[in-house]
Number of protein chains: 2
Amino acid sequence: MILSLMEQYSEQLNGIFQALADPTRRAVLARLGAGPASISDLAKPFDMALPSFMKHIHFLEGSGLIHTRKQGRVRTCVIEKKQFAAVEAWLSAQRALWEGRTDRLEQFVAKAQAKGDSQ
Amino acid sequence: MILSLMEQYSEQLNGIFQALADPTRRAVLARLGAGPASISDLAKPFDMALPSFMKHIHFLEGSGLIHTRKQGRVRTCVIEKKQFAAVEAWLSAQRALWEGRTDRLEQFVAKAQAKGDSQ
DNA sequence: GCATCACTTAGCTCTTGCGCTAAGTATTGC
DNA sequence: GCAATACTTAGCGCAAGAGCTAAGTGATGC
């Protein structure tokens, strides 16, 4: 069960990093950092059809980096700060490996990744 | 020229986050955190054909997260710690926006992303 | 109550990502 | 010098990502 926990963690990271790999999505996150906004407000700066833009919003929501709520005909997007902790955690684990501080959890993470984590 | 600098930074982030979005590649980085290794050593834990694995190595090298050097018939891979700073920088900029500390650079980054950064 | 607005769904393209096999090249070891 | 080792190149197949248009749905405003 700790293994399935690691797998969940890994798939979560897949989604988060994938979400962050697109400049449109990073820009949306930057904008939402300043506070909630509606889809059309968010879409305005981009030279992109709305359905295309919506896919980015769905991707961000799927990865947990934002959540949205529809009231009337307007959907409002809010950043999900907690989700960024997963990235920070991965970065610290990585740094810990460099520093040779391979305590039990970090060893576990490294080994799990090397063995069963792929695909 | 500061604009083209931001564009470079953005494309760099695209590559880095994309590289980190794959569990095989994260596992390779975790392994390399403990020290340099050859391609075949790195490939061993994975149930994957060597050319497939090589693509991951090339991707990592292309994103700057590792560099490699061939001596004789063996190619040795080394982690490039500096490159992780770009991720940290992005995370801090993001956090800074949450905290309302939108000083000049961060405002610039946010606006550049919202306007011209996409695609 | 009819038009407008703010999405939403459906379905199409094109490119890229991630895996494979087969065959090639360049070192190294006996 | 011949075989084995350690990649490397070439090329294929399938799935997913990122864009588009066209048409649909459900609230809001006059």
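Numbers restart at 1 for each chain; the letters A, B, ... are given by sequence-line order, proteins then strands.
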Undergrad: Taking atom types as they are modelled, is there a donor-acceptor pair under 3.5 Å from the base of D:dG19 to the side chain of A:Lys55?
TA: yes

Undergrad: For the pair made of CZ in B:Phe17 and P in D:dG17, what is the distance, rounded to whole Å?
TA: 18 Å

Undergrad: For residues A:Leu50 and A:Ile39, determine if any side-chain heavy atom of one lies less than 4.5 Å from a side-chain heavy atom of the other.
TA: yes

Undergrad: Which residue lies toward the 5' end of DNA chain D, B:Gln18 or A:Arg73, if each is placed at its nearest nucleotide?
TA: B:Gln18

Undergrad: Rounded to whole angstroms, how far apart are CG on B:Asp22 and C1' on D:dG17?
TA: 15 Å

Undergrad: With distance as the sole criterion, do the side chain of B:Arg75 and the base of D:dC7 form a donor-acceptor contact below 3.5 Å?
TA: no

Undergrad: With a 4.5 Å limit on heavy-atom distance, are the side chains of B:Val87 and A:Leu20 in contact?
TA: no

Undergrad: Whole angstrom is fine here: how far is it from CD1 in B:Ile57 over to P in D:dT8?
TA: 10 Å

Undergrad: Without decimals, in angstroms, what is the distance between B:Phe53 CZ and C:dG17 C1'?
TA: 16 Å

Undergrad: Please classify the nucleic acid contact of A:Leu50 as base, sugar-phosphate, or nothing, using heavy-atom distances under 4.0 Å.
TA: base

Undergrad: Please tabulate, for side-chain N and O atoms in residues 71-85 of chain A, each donor-acceptor pair with protein atoms closer than 3.5 Å (sequence neighbours left out).
TA:
residue	atom	partner	partner atom	Å
A:Arg75	NH1	A:Thr68	OG1	2.9
A:Gln83	NE2	A:Ser63	O	3.0

Undergrad: Looking only at side-chain N and O atoms, does B:His56 come under 4.0 Å of OP1 or OP2 in C:dG19?
TA: yes

Undergrad: D:dT21 C1' sits how many Å from A:Met48 CE, rounded?
TA: 15 Å

Undergrad: Of the nucleotides D:dA18, C:dA6, D:dC7, which one has an atom closest to the side chain of A:Arg25?
TA: D:dA18

Undergrad: What distance separates B:His56 NE2 from B:Leu29 CG, expressed to the nearest 0.5 Å?
TA: 12.0 Å

Undergrad: Could you tell me the separation between the CG atom of B:Asp41 and the P atom of D:dC7, rounded to a whole number of Å?
TA: 8 Å

Undergrad: Return no unless some side-chain N or O of A:Ser40 is found under 4.0 Å from OP1 or OP2 of C:dA6.
TA: no

Undergrad: Could you state the CZ-C1' distance from A:Phe46 to D:dA18, rounded to the nearest angstrom?
TA: 14 Å

Undergrad: B:Met54 has an atom CE; how far is it from atom P of C:dG17, in whole Å?
TA: 17 Å

Undergrad: Can a side chain N or O of A:Lys70 be found less than 4.0 Å away from OP1 or OP2 on D:dG26?
TA: no

Undergrad: If hydrophobic clusters are built from ILVMFWY residues whose side chains come within less than 4.5 Å, do A:Ile16 and A:Phe59 share one?
TA: no

Undergrad: Just compare D:dT21, D:dA18, D:dT9 and give me whichever is closest to any side-chain atom of B:Pro51.
TA: D:dT9

